[in-house]
Amino acid sequence: MGLTVFRRVTQVSAIAFIIAIPLLSRDGITFLAGNLYSLAIGPVTVADPLIGFQVIISTLSFEKTLLLSMIIPLCLALVFGKVFCSWICPQNTISEYIDFLSRKTGMRRLFLMPVTAKPRYVILMVLFLLTPLAGFPLAAILSAPGIISLQPVRYVYEGAAGLELGLIGAIVLAEMLFARRLWCNYVCPIGSFLGIFRLGMTLKVVHRGDKPQPCMKCLECVKACQLGLNPMGGKIYPLCHNCGDCVAACERMNGPAKPLSFRFSRNA
Amino acid sequence: MNMLSASILFTLEAMRDRNLLRPPGTGPEHLFISRCIRCARCVEVCPYGSIKIARLLDGLSATGTPVIKPRGMPCYLCMKCPAVCPSGALDRRVRSRREVRMGIAQVKKQDCLAWQNTICRSCYQSCPIFDEAITLDGALRPVVDEKKCVGCGICEHVCPVEPSAITVKSGGRRWG
């Protein structure tokens, strides 16, 4: 099974789980409980690290459960990079699909923006400054994956979706009309925060143009990149989600001795 | 920083009294709102469907937080929700129902049947802190003991008067 197929299966199962968990919880099966704000897998709890961090900086209290539940997502980011975004996040799945449709229909957006990490980190800093003033974790109302995963819960327990779904609608419209992958590339604070947690050994896409097989500059990886990055040029982090689409495209063109590959080590 | 945010929130809170009743284990509203990560785990674990998710119309800072509308469904104090709260917004040290301080019930004497000389003991009989949080005075009229009342809202739920003659004023106090 190719990497791309494997990722699609994971993305679809993530959405299936988001819908199934509240239904199962209502029927008393609670081994898996929660949503993408906070998930409980048996006795292990996982919570959104950005929202958790905002709770800590705005209350200056260190709740043990909250700190423990932030460990798993942060370790995942430290080892594999922002794989939450590319493999699990339902907003990314939706955005990828919109991008796919736009490319297929040849729809043009109003703006063609260079992909840069600056705006998103400005937004994250502003959020950090505003959170203690607002007195509540602002990231919670801006968490697209959280909002999407909360809707099945709302539907199962209250019979209706919430107005906050409007944010998702706005993202979808903006990505169709204004700029490609607007939310994931320039705004999403959840992704920005995960992107901070990178070390030298964190999984990365490495381009080796000379050996073992010379890069023939076919640009398949650039075409395959869901975010519009150039994997051949390097400097794709912290934006790259490690989705592996470029590596898979490279393998299709060049076979297993491809110039693009995933590496853990600092030196390629 | 916390004091500053608390003061700003208090100002906003004073401008609009939302009276949102929170699940068991909550302290003062401004602390709750800064600790809650809006994950709705308490909503999922509540066996009575008492806990609802606050909507955008309840206020931006309250969106996604758990809220109880006792006239619809009160809290039966099963104490399952503090145990699943991942952020400490619901204090999991609150285990017994007597430690809960969600709010205080208030009797509207001009509406209450017993206070208007009709026999009714609905709230008194259904109170889970029986004969302590709500007691009957010499004329068999309900009186709320603010020190004992946990604010579960069962009295508001069972009151035969429409709208309820006994209502819970939210506002977690420090329990104990």
(request) Please test Phe136(A) against Arg38(B) for side-chain contact (heavy atoms from CB on, under 4.5 Å), starting from the C-alpha separation and ending with a verdict. (result) CA-CA 10 Å; Phe136(A) 70 101; Arg38(B) 281 80 174 152; 3.2 Å; yes
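- With a 4.5 angstrom heavy-atom cutoff, Ala62(B) does not touch chain A via any of its atoms.
- Other residues, nucleotides and ligands contribute only 12 or fewer heavy atoms inside 6.0 Å of the OH atom of Tyr155(A).
- More than 12 heavy atoms of other shown residues, nucleotides or ligands fall within 6.0 angstrom of atom CZ in Arg8(A).
- Using a 4.5 Å cut-off between heavy atoms, Ser143(A) makes no contact with chain B at all.
- If you take CG on Leu60(B) and CD1 on Ile141(A), they are separated by 4.0 Å, rounding to the nearest 0.5 Å.
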(request) Please assess Val156(A) against Glu44(B) for the test side-chain contact (heavy atoms from CB on, under 4.5 Å), listing each intermediate value before the final yes or no. (result) CA-CA 9 Å; Val156(A) 167; Glu44(B) 286 184 306; over 6 Å; no
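- Highest contact tally toward chain A, considering only Pro86(B), Gly64(B), Cys85(B), Pro47(B), is held by Pro86(B) [criterion: heavy-atom pairs under 4.5 Å].
- Between the CD1 atom in Ile51(A) and the SG atom in Cys39(B) there is a gap of 9.0 Å [rounded to 0.5 Å].
- Nearest heavy atoms, Arg55(B) versus Ala161(A): NH1-O, 3.4 Å.
- When all heavy atoms of Ala40(B) and Val153(A) are compared, the closest pair comes out as CB-CG1, 4.3 Å.
- Atom OG of residue Ser58(A) and atom CD1 of residue Ile33(B) lie 11.0 Å apart, to the nearest 0.5 angstrom.
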(request) Apply side-chain contact (heavy atoms from CB on, under 4.5 Å) to the pair Ser34(B) and Val55(A), showing each step before the final yes or no. (result) CA-CA 6 Å; Ser34(B) 63; Val55(A) 168; over 6 Å; no
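- Around the NZ atom of Lys109(B), the shell of radius 6.0 Å holds no more than 12 heavy atoms that belong to other residues, nucleotides or ligands.
- Shown here is Phe17(A), whose CZ atom has no more than 12 heavy atoms of other residues, nucleotides or ligands within 6.0 Å.
- Heavy atoms of Ala40(A) lying under 4.5 Å from chain B belong to its backbone as well as its side chain.
- No more than 12 heavy atoms of other residues, nucleotides or ligands shown are found within 6.0 angstrom of OH on Tyr97(A).
- For CD1 of Ile119(B), the number of neighbouring non-hydrogen atoms (other residues, nucleotides, ligands) closer than 6.0 Å is 12 at most.
- Distance CG/Leu56(B) to CG/Leu167(A): 10.0 Å, rounded to 0.5 Å.
- Residues Lys52(B) and Arg154(A) are not in side-chain contact: their nearest non-hydrogen atoms beyond the backbone lie 4.5 Å or more apart.
- The 12-atom threshold is exceeded at CZ of Arg26(A), counting heavy atoms of other residues, nucleotides or ligands nearer than 6.0 Å.
- Ranked by heavy-atom pairs shorter than 4.5 Å toward chain B, the options Asn35(A), Val46(A), Thr30(A), Ile21(A) are led by Asn35(A).
- Contact check for Ser87(B) versus Glu63(A): no side-chain heavy atoms found under the 4.5 Å cut-off.
- Residue contact with chain A, scored on non-hydrogen atoms closer than 4.5 Å, is absent for Cys46(B).
- Taking CG of Leu150(A) as the reference point, atom CD1 of Ile53(B) lies at 4.5 Å (rounded to 0.5 Å).
- Highest contact tally toward chain B, considering only Ser149(A), Gly34(A), Ala47(A), Ser25(A), is held by Gly34(A) [criterion: heavy-atom pairs under 4.5 Å].
- For a residue to count as touching a neighbouring chain, one of its non-hydrogen atoms must lie under 4.5 Å from one of that chain's; by this rule Leu138(A) does not touch chain B.
- Here the OG1 atom belonging to Thr59(A) is positioned 10.5 Å from the NE2 atom belonging to His30(B), to the nearest 0.5 angstrom.
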